[in-house]
2 protein chains.
Amino acid sequence: MSLTHIQSFVAVAEEGHVGRAARRLHLTQPPLSRHILALEDELGAQLFERTPRGMRLLPAGEAFLQHARRILAEVDAAVHTVRGVGSERSEP
Amino acid sequence: MSLTHIQSFVAVAEEGHVGRAARRLHLTQPPLSRHILALEDELGAQLFERTPRGMRLLPAGEAFLQHARRILAEVDAAVHTVRGVGSERSEP
DNA sequence: ACGCGTTACGTATCACGTAAATATC
DNA sequence: GATATTTACGTGATACGTAACGCGT
């Protein structure tokens, strides 16, 4: 499991479409599709239903989405916090 | 930034020692040391003070540690949740 | 036939481990 | 000189993109 895979998952979940998500992430479809397959394989559960129109979240996917968003938010918070603390050298 | 780097950081923070953390992670020192350096580079802040006895957390490192633990806990929760939901196929 | 996701495959990048270097006591 | 981290360097694994495929409408 990697943060990249999680970001990919969230993008596909939000777009409901691998192609659009790929463009949003500045990536091509195949690697993005592989991210999702790797996640599903690692979790041992199908996260999306493949329809002719795109990708629909399954219950397991909805559950994962909530955690995925919190993970990414926490990573963001970590970065901002450290950058804040890190710049506290000598106050101007 | 990767989950591996974050795990490495937590291990070093807890052990205060790259060598011990490396053994705990079943890894050698060099890659582990590089994980920390990569994190510090990416965050633009020094996380540890290098002493002859090992590694001591700096304020920025302490701040990051809290977030790091929450990230890893959230990842764990995500995995367990999905595995739980995923096994709800047809109840036995 | 079209639009979607996936698989095949070749190449560039990344990440490891062994070995050597650097630094502090 | 011993113990700690870090850099050098060679090799195996990863991950991308292009192209070809499979499937349903």
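Worth knowing before you read on, the calculation uses all heavy atoms, side chains too, and leaves out hydrogens, waters and symmetry mates. Predicted model only: the values in this text are computed from it and were never measured. Order of the sequence lines fixes the chain letters, A, B, ..., with proteins taken first and strands second; residue numbering starts at 1 for each chain.
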Worksheet item: If only side-chain N and O atoms of H35(A) are considered, is one of them under 4.0 Å from the OP1 or OP2 phosphate oxygen of dA15(D)?
Response: no
Enumerate the protein-to-nucleotides 7-11 of chain D contacts in which both atoms are nitrogen or oxygen and the separation is below 3.5 Å.
none

Worksheet item: Starting at CG of D41(B) and ending at P of dT6(D), how long is that distance when rounded to a whole Å?
Response: 13 Å
Fill in: Salt bridge flag under 4.0 Å for residues R24(B) and E14(B)
yes
Worksheet item: Among residues 4-21 of chain B, which contact DNA chain D at a heavy-atom distance under 4.0 Å?
Response: H17(B), V18(B), G19(B)
Discussion item. Parallel, tilted or perpendicular: which one describes the rings of H5(B) and H35(B), with boundaries at 30° and 60°?
Written reply: tilted
Discussion item. Nearest to the Q29(A) side chain among dC16(D), dT6(C), dC16(C), which nucleotide is it?
Written reply: dT6(C)
Worksheet item: From R20(A) CZ over to L32(A) CG, what is the distance, rounded to the nearest 0.5 angstrom?
Response: 12.5 Å
Worksheet item: Roughly, in whole Å, what's the span from CD1 in I36(A) to C1' in dC16(D)?
Response: 16 Å
Practice prompt. Return no unless some side-chain N or O of R50(A) is found under 4.0 Å from OP1 or OP2 of dC23(D).
Written response: no
Fill in: Atom pair CD1/CZ of I71(A) and R69(A) - distance to nearest 0.5 Å
12.5 Å
Discussion item. Working to the nearest 0.5 angstrom, can you tell me the gap between R70(B) CZ and I6(B) CD1?
Written reply: 12.5 Å
Discussion item. Expressed as a whole number of angstroms, how long is the span from R23(B):CZ to dG17(C):C1'?
Written reply: 16 Å
Discussion item. Without decimals, in angstroms, what is the distance between M55(B) CE and dT6(D) C1'?
Written reply: 10 Å
Practice prompt. Provide, to the nearest angstrom, the distance between the CG atom belonging to L27(A) and the P atom belonging to dG5(C).
Written response: 14 Å
Fill in: Atom pair distance, as rounded to whole Å: CG in L25(A) and P in dG17(D)
11 Å
Practice prompt. Find the distance L47(B):CG to dT5(D):C1' and express it as a whole number of Å.
Written response: 15 Å
Discussion item. Without decimals, in angstroms, what is the distance between L32(B) CG and dG17(C) P?
Written reply: 10 Å
Discussion item. Between R50(B) and E40(B) (salt bridge meaning N to carboxylate O under 4.0 Å), is one present in this structure?
Written reply: yes
Worksheet item: How many angstroms lie between atom OG1 of T81(B) and atom NE2 of H67(A), to the nearest 0.5 angstrom?
Response: 3.0 Å
Worksheet, complete the sentence: The nucleotide from dT18(D), dG17(C), dC25(C) with an atom nearest the side chain of P52(B) is dC25(C)
Discussion item. Just verifying a value: how many Å separate L37(A) CG and F48(A) CZ, rounded to the nearest 0.5 Å?
Written reply: 10.5 Å
Worksheet item: M1(A) versus V75(B): any side-chain heavy-atom pair under 4.5 Å?
Response: yes
